[in-house]
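As a basis for the values below, the full set of heavy atoms in this structure was taken, side chains included, without hydrogen atoms, waters or symmetry mates.
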Amino acid sequence: ICDTGVKHELASSAYNERRQQCEQAVKIVQEQNHGIRSLRDMTLADFENHQDRLPEPLRRRARHVVSENERTLSAVAALKRGDVDRLGEMMNLSHESLRDDYEVSCRELDLMVELARQQQGVTGARMMGGGFGGSTVNLVPRDSFNEFRRAVSEGYQRGTGLLPTVIAVEADDGVGEISWHSGRIDSRT
């Protein structure tokens, strides 16, 4: 976890705006498909069928939510298979969607993600939480952590003047035992 040191000052008002935009998108889609009660009811195919009816930024907001739901399901499947590369790919796509479609990132989060992705063995990096600051979560091989922390901390401090907090976390009780060896996740529940 890499804490950017940037606080979530805009998160509550901006997230309320995003929620309202998603609700507006649903109302527009419901005019043609009464079975859609929320964006979670839509598949990517549903979104593609209705996207031309959605004005910006509603289209981007809806695309993020619908695609994020699909990415989450794909990430779960990757975890079950022990496929760290696919999990990392879903994390990377998630960050890009949060940045470009949902627009809840900031310069510092984007820099932290970029620095993390440049490090040896890192397969995925994305913002976590509400955005507009806060932290990133990164898939880093255990034996690369010290070099990861050094390189990311130095690069982030050069780019922002801020010293980040970088900590190692591992899944523990409640989700089973997870370890990462040679680019593969091994899990035992």
Side-chain angles (χ1 to χ4, degrees), residues 1-2 4 8-114 116-117 122-139 171 174-176 178 183-185 187 189:
I1 303 293
C2 298
T4 65
H8 307 266
E9 295 175 13
L10 300 174
S12 62
S13 62
Y15 254 84
N16 285 334
E17 179 183 35
R18 301 305 185 275
R19 182 184 49 77
Q20 291 168 351
Q21 291 168 335
C22 289
E23 290 171 358
Q24 288 176 298
V26 168
K27 286 180 184 176
I28 293 169
V29 169
Q30 283 178 330
E31 292 171 5
Q32 286 189 332
N33 186 336
H34 300 293
I36 303 291
R37 298 178 63 136
S38 70
L39 291 176
R40 73 175 163 263
D41 296 330
M42 293 179 70
T43 65
L44 281 174
D46 292 331
F47 171 77
E48 290 169 6
N49 288 335
H50 295 286
Q51 70 177 334
D52 291 340
R53 301 184 69 236
L54 298 172
E56 292 296 352
L58 304 185
R59 182 180 307 148
R60 289 192 314 275
R61 305 302 188 246
R63 180 176 43 233
H64 166 71
V65 172
V66 173
S67 65
E68 187 73 352
N69 288 340
E70 300 257 341
R71 278 189 293 276
T72 299
L73 294 174
S74 183
V76 168
L79 278 169
K80 288 180 179 178
R81 289 190 316 271
D83 186 347
V84 72
D85 291 330
R86 180 70 174 159
L87 177 61
E89 180 184 349
M90 292 302 98
M91 290 174 65
N92 292 336
L93 290 171
S94 177
H95 182 79
E96 291 159 12
S97 181
L98 285 160
R99 180 192 64 211
D100 300 338
D101 284 342
Y102 218 57
E103 297 180 288
V104 294
S105 192
C106 64
R107 181 181 69 83
E108 294 85 359
L109 280 169
D110 293 340
L111 175 60
M112 187 69 77
V113 165
E114 179 184 327
R117 289 179 185 172
V122 172
T123 58
R126 71 180 294 270
M127 75 168 72
M128 56 185 283
F132 304 105
S135 299
T136 64
V137 60
N138 313 277
L139 288 179
V175 295
I178 297 176
R184 181 134 176 93
I185 297 173
S187 63
T189 55

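- A donor-acceptor pair shorter than 3.5 Å can be found between the side chains of R61 and Q21.
- The distance from the CE atom of M128 to the CG atom of L109 is 11.0 Å, given to the nearest 0.5 Å.
- Contact detail for L87 and A75: the closest heavy-atom pair is CD1-CB, 3.7 Å.
- Judged by distance alone, the side chains of S13 and N16 never bring a donor and an acceptor atom under 3.5 Å apart.
- By the 4.5 Å heavy-atom criterion applied to side chains, V84 and L139 are counted as neighbours.
- Annotation: the span from L93 atom CG to E70 atom CD amounts to 12.5 Å, rounded to 0.5 Å.
- Note that CD of Q51 is 9.0 Å distant from CE of M42, once rounded to the nearest 0.5 Å.
- Taking each heavy atom of M112 and T136 in turn, the nearest pair found is CG-OG1, 3.5 Å.
- In terms of heavy-atom proximity, A125 sits nearest to N138 at CB-OD1, 3.2 Å.
- Salt bridge absent: E96 and R126 never bring a charged side-chain N and a carboxylate O closer than 4.0 Å.
- Taking every heavy atom of both residues into account, V104 and R18 meet most closely at CG1-NE, 4.1 Å.
- Considering only heavy atoms from C-beta on, N92 comes within 4.5 Å of R117 through its side chain.
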(request) Start with the C-alpha distance between S67 and L44, add both sets of side-chain angles, then the distance that settles side chain to side chain contact (heavy atoms under 4.5 Å, CB included), and finish with yes or no. (result) CA-CA 6 Å; S67 65; L44 281 174; 3.9 Å; yes
(message) Checking S105 against D110 for the side-chain hydrogen bond (donor to acceptor under 3.5 Å, both in side chains) test, could you report, in this order, the C-alpha distance in whole Å, the side-chain angles of both residues, the deciding distance, and whether it holds?
(response) CA-CA 7 Å; S105 192; D110 293 340; 2.6 Å; yes
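- The backbone N or O of D46 sits nowhere less than 3.5 Å from a side-chain atom of N49 that would complete a donor-acceptor pair.
- Using a 4.5 Å heavy-atom threshold, the side chains of I28 and L58 count as touching.
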(request) For the pair R71 and S94, evaluate side-chain hydrogen bond (donor to acceptor under 3.5 Å, both in side chains) and give the outcome as yes or no after the intermediate values. (result) CA-CA 7 Å; R71 278 189 293 276; S94 177; 4.5 Å; no
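- The number of heavy atoms from other shown groups lying within 6.0 Å of CZ (R53) is above 12.
- Under the 4.5 Å side-chain criterion, counting only non-hydrogen atoms from C-beta, M91 is in contact with V137.
- With rounding to the nearest 0.5 angstrom, the CG atom of L39 is 10.0 Å from the NE2 atom of H64.
- The existence of a salt bridge linking E89 and R86 is confirmed by a sub-4.0 Å separation between a basic side-chain nitrogen and an acidic carboxylate oxygen.
- Here E23 does not pair with K27 in a salt bridge; the nearest charged N to carboxylate O distance is not below 4.0 Å.
- Residues R60 and E56 approach most closely at NH1-OE1, 2.9 Å, considering heavy atoms.
- Minimum interatomic distance between A62 and L54 (heavy atoms only, all atoms of both residues): CB-CD1, 4.1 Å.
- Annotation: the span from E31 atom CD to I36 atom CD1 amounts to 13.5 Å, rounded to 0.5 Å.
- A distance of 10.5 Å separates CD of E17 from SG of C22, quoted to the nearest 0.5 Å.
- Looking only at distances, a side-chain donor or acceptor of D41 sits under 3.5 Å from a matching main-chain atom of R37.
- Ring pair Y15/F132 is perpendicular by interplanar angle, where above 60° counts as perpendicular and below 30° as parallel.
- A donor-acceptor pair under 3.5 Å is absent between the side-chain atoms of R40 and the main chain of N69, judged by distance alone.
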(message) Run R59 and F47 through side chain to side chain contact (heavy atoms under 4.5 Å, CB included) and show every step you take.
(response) CA-CA 9 Å; R59 182 180 307 148; F47 171 77; 3.8 Å; yes
(request) Carefully, step by step, assess S97 and E68 under the rule side-chain hydrogen bond (donor to acceptor under 3.5 Å, both in side chains). (result) CA-CA 8 Å; S97 181; E68 187 73 352; 5.1 Å; no
